[in-house]
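Quick notes on the structure that follows.
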Amino acid sequence: MKHLRNRNIALIVFAGGVVLAGADYLVKLQDWSYTQEIMTLGFAGYILMISAAASLLLNMLRVWSADKESWQA
C-alpha cells in the first residue's frame, strides 16, 4: 500500500509541473509582463515533471522486482 501513496504523490507533483510548464508556455505565447519570473517557474515545472516520471518508473521497477515469478521464469 505504501507504493500507492508514493504513486499518488508523484502524480500530483507531475500535474503541478504540467501546470507550471503550461503557464510558462502561455506567458511566452502572449508576451505578458514578468516573463522572466514565470519562465523560471516553468523550468521548475519541467524539473518536477522529470523527477515525478523518474520516481514513478523506479517505483514500477521496485514493484516488478518484488514479483519473484517474473525474473525466475
Side-chain angles (χ1 to χ4, degrees):
M1 288 311 242
K2 185 177 179 181
H3 68 279
L4 291 176
R5 186 179 67 204
N6 292 341
R7 186 179 66 182
N8 289 339
I9 291 171
L11 289 174
I12 291 170
V13 169
F14 187 83
V18 168
V19 168
L20 289 175
D24 176 39
Y25 177 74
L26 286 176
V27 165
K28 287 179 188 176
L29 191 65
Q30 299 295 328
D31 200 28
W32 292 338
S33 59
Y34 301 111
T35 304
Q36 188 63 39
E37 289 83 2
I38 299 295
M39 286 176 61
T40 303
L41 288 177
F43 179 73
Y46 293 129
I47 297 297
L48 287 175
M49 288 190 298
I50 292 169
S51 299
S55 174
L56 285 171
L57 289 173
L58 287 173
N59 188 30
M60 187 185 315
L61 286 173
R62 186 182 60 81
V63 169
W64 284 353
S65 69
D67 183 22
K68 295 179 182 178
E69 294 176 6
S70 65
W71 59 273
Q72 287 182 351

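Numbers here are sequence positions counted from 1.
- We find the CG-CZ distance between Asn6 and Arg62 to be 7.0 Å, quoted to the nearest 0.5 Å.
- Taken from CG in Asn59 to CD1 in Ile9, the straight-line distance is 10.5 Å, to the nearest 0.5 Å.
- No side-chain donor-acceptor contact under 3.5 Å links Thr35 to the backbone of Asp31.
- Leu20 is connected to Ile38 through a chain of hydrophobic side-chain contacts under 4.5 Å among Ile, Leu, Val, Met, Phe, Trp and Tyr, so both are in one cluster.
- By the criterion of side-chain heavy atoms lying less than 4.5 angstrom apart, applied directly or through intervening Ile, Leu, Val, Met, Phe, Trp or Tyr residues, Val27 is not grouped with Leu29; the two fall into different hydrophobic clusters.
- To the nearest 0.5 Å, the span separating CD on Gln36 from CG on Leu41 amounts to 10.5 Å.
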Review item, side-chain donor-acceptor pairs of residues 43-56, under 3.5 Å, at least two apart:
| from | atom 1 | to | atom 2 | distance (Å) |
| --- | --- | --- | --- | --- |
| Ser51 | OG | Ile47 | O | 2.9 |

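- To the nearest 0.5 angstrom, Gln30 atom CD is 9.5 Å from Tyr25 atom OH.
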